[in-house]
S.K.: 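So that we are looking at the same thing, I have put the structure below in structure tokens.
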Amino acid sequence: MKLIGAGGRDDIDYRVLTTFWTVPNLITVLRFGLVPVFVWLVVSDHYAWATLVLVVLGATDWIDGYAARRLNQISTVGQWLDPVADRLALTVVAIVFVADGIAPAWLVYSIVIPDIVLIINAWVLFRGNPNLAVSNLGKIRTALLLVGTPLLLLSQVEAAESAVLEGLAIVMLAIACLLHIVAAVFYFRLARRKARTLESGGTWSG
């Protein structure tokens, strides 16, 4: 079963649309809307429902990219809206987990600090999104986060409470955070390499 790069079609030339009204963008907006719902459920100690919402959040992260490629609906809006939604959702989830005592503080630090560095770096070099291709390392990190976070939340549900489940989730998140830092270093260096190439008049194909 192909998970990394799923939904890609090699038989077509993707065209970039300028309209907002695409299926992937609407799915991304749905993801934005579910974030405050997730926060309210965790704060209210409705961990079972919060776990379900978190699973849906993770699913939409994969579905919108799949739909963009299968439907040939890649858009200029989606190219920045999707990563913003991803980073916002991940940051809020991490903060809520730590604030509620579900996860240790390193979950926030290892996610937020590298992201802030990358945002500053991208703004200084490109005044915006550097449009770098997502690496397989980044995709593996995302997959671990999408599985580890709901597992950790599920371990807090009374009917499914389990030290083993919690320990497994913590290990997955620790690995994901380590990969997140490594991926951040990779993207940081790649962005600077792209900037140097463009400044020298070269063509970037990475």
Side-chain angles (χ1 to χ4, degrees), residues 1 3-4 6-7 23-68 78 81-119 134 137-184:
M1 184 176 185
L3 292 177
I4 296 177
V23 172
N25 288 346
L26 295 178
I27 295 173
T28 301
V29 170
L30 171 64
R31 184 151 79 253
F32 268 118
L34 286 177
V35 171
V37 176
F38 167 79
V39 174
W40 179 81
L41 288 171
V42 172
V43 171
S44 304
D45 293 334
H46 296 303
Y47 291 142
W49 284 107
T51 302
L52 179 60
V53 171
L54 193 54
V55 170
V56 174
L57 276 169
T60 60
D61 181 46
W62 179 82
I63 291 171
D64 59 6
Y66 181 89
L81 183 65
D82 181 57
V84 167
D86 291 345
R87 306 277 35 103
L88 175 65
L90 180 56
T91 300
V92 171
V93 168
I95 292 174
V96 169
F97 270 33
V98 173
D100 202 62
I102 297 173
W106 53 255
L107 181 65
V108 169
Y109 298 142
S110 59
I111 289 174
V112 174
I113 294 176
D115 279 357
I116 290 175
V117 172
L118 289 179
I119 290 171
V134 179
L137 181 65
K139 293 176 182 178
I140 294 170
R141 166 213 59 196
T142 301
L144 287 171
L145 288 170
L146 292 181
V147 175
T149 47
L151 278 182
L152 183 57
L153 193 53
L154 182 62
S155 71
Q156 308 301 309
V157 178
E158 187 175 349
E161 192 172 351
S162 167
V164 174
L165 186 61
E166 182 178 6
L168 176 62
I170 289 292
V171 169
M172 292 182 68
L173 290 178
I175 296 173
C177 287
L178 178 61
L179 293 179
H180 186 73
I181 295 171
V182 173

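Heads up: numbering here begins at 1 and tracks the sequence.
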S.K.: Is there a side-chain contact between Gln156 and Asp100 in this structure, where contact means two heavy atoms from C-beta onward sitting under 4.5 Å apart?
M.R.: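 When only atoms from C-beta onward are counted, Asp100 and Gln156 do not touch, as no gap falls below 4.5 Å.
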
S.K.: Taking all heavy atoms of Ala184 and all of Leu118, pick out the closest pair and write down the distance.
M.R.: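 So the two residues come closest at O-CD2, 3.4 Å.
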
S.K.: Pick one: which of Leu154, Leu54, Ile102, Leu41 meets side-chain contact (heavy atoms from CB on, under 4.5 Å) with Tyr47?
M.R.: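 When Leu154, Leu54, Ile102, Leu41 are each tested with Tyr47, the side-chain contact (heavy atoms from CB on, under 4.5 Å) holds only for Ile102.
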
S.K.: Sequence neighbours excluded and cut-off under 3.5 Å, please list the side-chain donor-acceptor pairs for residues 162-182, or say none.
M.R.:
residue	atom	partner	partner atom	Å
Ser162	OG	Val164	N	3.3
Ser162	OG	Leu165	N	3.1
His180	ND1	Arg141	NH1	3.3
His180	NE2	Ile111	O	3.3
His180	NE2	Asp115	OD1	3.2

S.K.: Does Thr60 use its side chain to pair, donor to acceptor, with the backbone of Leu57 at less than 3.5 Å?
M.R.: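 Side chain of Thr60 to backbone of Leu57, a donor-acceptor pair under 3.5 Å: yes, one is there.
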
S.K.: May I ask you to test the Thr149-Leu153 pair for a side-chain heavy-atom distance under 4.5 Å?
M.R.: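 The answer is no; the side chains never approach within 4.5 Å.
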
S.K.: Start with the C-alpha distance between Leu146 and Trp62, add both sets of side-chain angles, then the distance that settles side-chain contact (heavy atoms from CB on, under 4.5 Å), and finish with yes or no.
M.R.: CA-CA 10 Å; Leu146 292 181; Trp62 179 82; 5.6 Å; no

S.K.: How close do Ala85 and Thr28 get, heavy atom to heavy atom, and via which atoms?
M.R.: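 Looks like CB-CG2, 3.5 Å.
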
S.K.: Less than 4.5 Å apart, any side-chain heavy atom of Trp49 and any of Leu52?
M.R.: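 When only atoms from C-beta onward are counted, Leu52 and Trp49 do touch, with a gap below 4.5 Å.
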
S.K.: About how many Å separate CZ of Arg31 and CD1 of Ile63, when rounded to the nearest 0.5 Å?
M.R.: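 With rounding to 0.5 Å, CD1 (Ile63) is 9.5 Å from CZ (Arg31).
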
S.K.: Counting C-beta onward and ignoring hydrogens, is there a side-chain heavy-atom pair between Val108 and Phe97 closer than 4.5 Å?
M.R.: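 No, every pair of side-chain atoms sits at 4.5 Å or beyond.
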
S.K.: Testing the basics here: between Leu90 and Arg87, what is the closest heavy-atom pair and its distance to 0.1 Å?
M.R.: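 Closest approach of Leu90 to Arg87: CD2-NH2, 3.0 Å.
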
S.K.: Of all heavy-atom pairs between Val98 and Pro104, which one has the smallest distance, and what is that distance?
M.R.: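 Scanning both residues completely, I find the closest heavy atoms to be CG2-O, 3.2 Å.
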
S.K.: Can you name the nearest heavy-atom pair linking Gly33 to Val37, along with the distance?
M.R.: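 Smallest interatomic distance, heavy atoms only, reads O-CG2, 3.7 Å.
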
